[in-house]
Amino acid sequence: MQYIIGSVIGIFSVFSALAAAPTKVDIYTEHFPPYQIEQKNGTITGLATDIVRLIMWEAELSYQIYMLPWTRAKAFSKKSPYSLLYSIARTEQREANHIWIAPLCELKVAFYKRADIADQQEWEIWKIKQHVVAVAGHLTLRKLFKSTRLYRR
């Protein structure tokens, strides 16, 4: 409960710097199962979405959640002072660009291999060069690959 209360206080402290309280908050996210999922009927659900809905309910703020491709979600969230964006990885580069209200989950990124590929005793980042690795439009991971010189187009 303290987590929810702290999050509600965080939202109010963000919006209190503005002239008036918002009548409606626009919340933007991307498809990122199991955290954000758009159901066939258009309803947005998922683990992170449930937490966001609970925080907004406790804050007694009217809101609408929009699911968009990530780049568009980020762009739309910048257009209004009464908008929120979730789930976003907290990185050094993003730290100054956002007001961080509450963590929704802890995400660990890992490499996976096909089941039919023989196990290797030791995996080190440089050994990945000999394999094909796919990164599906994830800018943070692409930057990691470029910084370690593993990125190849």
Among Gln64, Arg53, Gln39, exactly one meets side chain to side chain contact (heavy atoms under 4.5 Å, CB included) together with Ile44. Which residue is that? Arg53
Keeping Gln36 on the side-chain end and Glu30 on the backbone end, is there a donor-acceptor pair under 3.5 Å? yes
Can you get from Tyr28 to Leu84 by hopping between Ile, Leu, Val, Met, Phe, Trp and Tyr side chains that sit under 4.5 Å apart? no
Separation between CE of Met67 and NE2 of His31, rounded to the nearest 0.5 Å: 7.0 Å
Working to the nearest 0.5 angstrom, can you tell me the gap between Ile27 CD1 and Met56 CE? 4.0 Å
With the 4.5 Å side-chain cut-off for hydrophobic clustering, are Leu61 and Leu85 part of the same group? no
Neighbour count >12 (heavy atoms, 6.0 Å) for atom NZ, Lys24: yes
Quick one about Thr49 and Tyr86 (side-chain donor to acceptor, distance below 3.5 Å, no hydrogens or angles considered), yes or no? yes
Would you give the length of the straight line joining atom OG1 of Thr29 to atom OH of Tyr66, rounded to the nearest 0.5 angstrom? 13.5 Å
Mind checking the CG-CD1 spacing from Leu68 to Ile65? Nearest 0.5 Å is all I need. 12.0 Å
Enter the distance from Ser83:OG to Tyr63:OH here, rounded to the nearest 0.5 Å. 16.0 Å
Please answer: with hydrophobic residues joined when any side-chain heavy atoms are less than 4.5 Å apart, are Ile101 and Ile51 in the same cluster? yes
Nearest-0.5 Å distance, CD1 of residue Ile37 to OG1 of residue Thr43: 12.0 Å
Where does the angle between the aromatic ring planes of His98 and Trp100 fall among parallel (under 30°), tilted (30 to 60°) and perpendicular (over 60°)? perpendicular
For atom CZ of Arg72, decide whether the heavy atoms of other residues, nucleotides or ligands shown that lie under 6.0 angstrom number more than 12. no
Single-linkage hydrophobic cluster, 4.5 Å side-chain cutoff, Ile55 and Ile88 together: no
